[in-house]
Amino acid sequence: MSAISERRERERAHRHQLIITAARELAETEGWEAVTTRRLAERVEYSQPVLYSHFTGKDAIVSAVALDGFGELADHLRRARQAAPDAGRALRAVCRAYLDFATERPALYQAMFILPTDLKFASVETPPPLRASFDEFVSCFRPDNKRRELFAEVVWSALHGMAVLSDSGRIPPDAQEERLDFLVTQLAGTPTNPTTL
């Protein structure tokens, strides 16, 4: 590849990331309804045709934001798991980190789990950042447990329900810790030893 081609590729990658970042910032401050190609074009100072040369439309932009979000989520969950004082408390630490992530980044969480995207879950086409996020839950259970992916799916499903219902005011946020303790205790058999599963 020539130096000119490499420079053009870098510039294109930079523009691509600039559009994703602008969409995310706009969604976090004004909601996803405010994210339009016109608003993004103004914000990144490129024409709408340039935006369309990167993304086919808003759903593609949301998918790109979601993919970035899964990379962040995987890092966030990994740090929580590794910082747990012992393996037995890793599940609770990862669960708490997940709920914190959903609360602190509501528009990003919507892109990842609520809005339509073309991202494939639980498939051979699952992008690595999605798999890495899921694997952080799987890692909380013993490697010799043949059902650890099932446990991880149940935990993730329950946490997603808690995050969405709490955010929408359908369950009281002040009981979140009690719900989290209940989930970990019931799934793991004890509040501090999920590695026995």
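What you are looking at is a predicted structure, and each value in this text was computed from that prediction instead of being measured.
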Could you tell me the separation between the [atom1] atom of [X] and the [atom2] atom of [Y], rounded to the nearest 0.5 Å?
{"X": "Ile19", "Y": "His14", "atom1": "CD1", "atom2": "NE2", "value": "10.0 Å"}
{"X": "Thr56", "Y": "Asp118", "atom1": "OG1", "atom2": "CG", "value": "8.0 Å"}
{"X": "Leu183", "Y": "Glu178", "atom1": "CG", "atom2": "CD", "value": "12.5 Å"}

Show the nearest heavy-atom pair for residues [X] and [Y], with the distance to one decimal.
{"X": "Ser168", "Y": "Leu165", "result": "OG-O, 3.2 Å"}
{"X": "Ile114", "Y": "Val164", "result": "CD1-CG2, 3.9 Å"}
{"X": "Ser166", "Y": "Ile171", "result": "N-CG1, 3.5 Å"}
{"X": "Thr117", "Y": "Val62", "result": "CG2-CG1, 3.9 Å"}
{"X": "Phe141", "Y": "Arg148", "result": "O-NH1, 3.0 Å"}
{"X": "Ala80", "Y": "Ala97", "result": "CB-CB, 3.5 Å"}

> Below 6.0 angstrom between ring centroids: does that apply to Phe113 and Phe70?
Replying inline: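 For Phe113 and Phe70, the ring centres are under 6.0 Å apart.
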> Do His160 and Tyr109 have ring centres separated by under 6.0 Å?
Replying inline: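 Judged by ring-centre distance (under 6.0 Å), His160 and Tyr109 do meet the cut-off.
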N-O pairing of [X] and [Y] below 4.0 Å:
{"X": "Arg131", "Y": "Glu149", "result": "yes"}
{"X": "Glu45", "Y": "Arg15", "result": "no"}
{"X": "Arg92", "Y": "Glu177", "result": "yes"}

>> Test side-chain contact (heavy atoms from CB on, under 4.5 Å) on Thr21 and Asp68; report intermediate values, then the result.
In response: CA-CA 9 Å; Thr21 302; Asp68 266 12; 5.6 Å; no
>> Taking CZ in Phe182 as the centre, count heavy atoms belonging to other residues, nucleotides or ligands within less than 6.0 Å. Is the count above 12?
In response: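 Counting other residues, nucleotides and ligands, CZ of Phe182 stays at 12 neighbours or fewer.
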> Crowded around Glu6 CD? As in, over 12 foreign heavy atoms under 6.0 Å?
Replying inline: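 Atom CD in Glu6 is packed in, count exceeds 12.
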> Should Lys58 and Glu33 be marked as a salt bridge (charged side-chain N to carboxylate O under 4.0 Å, His left out) after you check the CA-CA gap, both sets of side-chain angles, and the distance that decides it?
Replying inline: CA-CA 10 Å; Lys58 184 174 177 176; Glu33 317 77 46; over 6 Å; no
> Leu51 versus Val44: any side-chain heavy-atom pair under 4.5 Å?
Replying inline: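 They are in side-chain contact.
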> Can you check whether Leu108 reaches Phe101 side chain to side chain, under 4.5 Å on heavy atoms?
Replying inline: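 Yes - at least one pair of side-chain heavy atoms lies under 4.5 Å apart.
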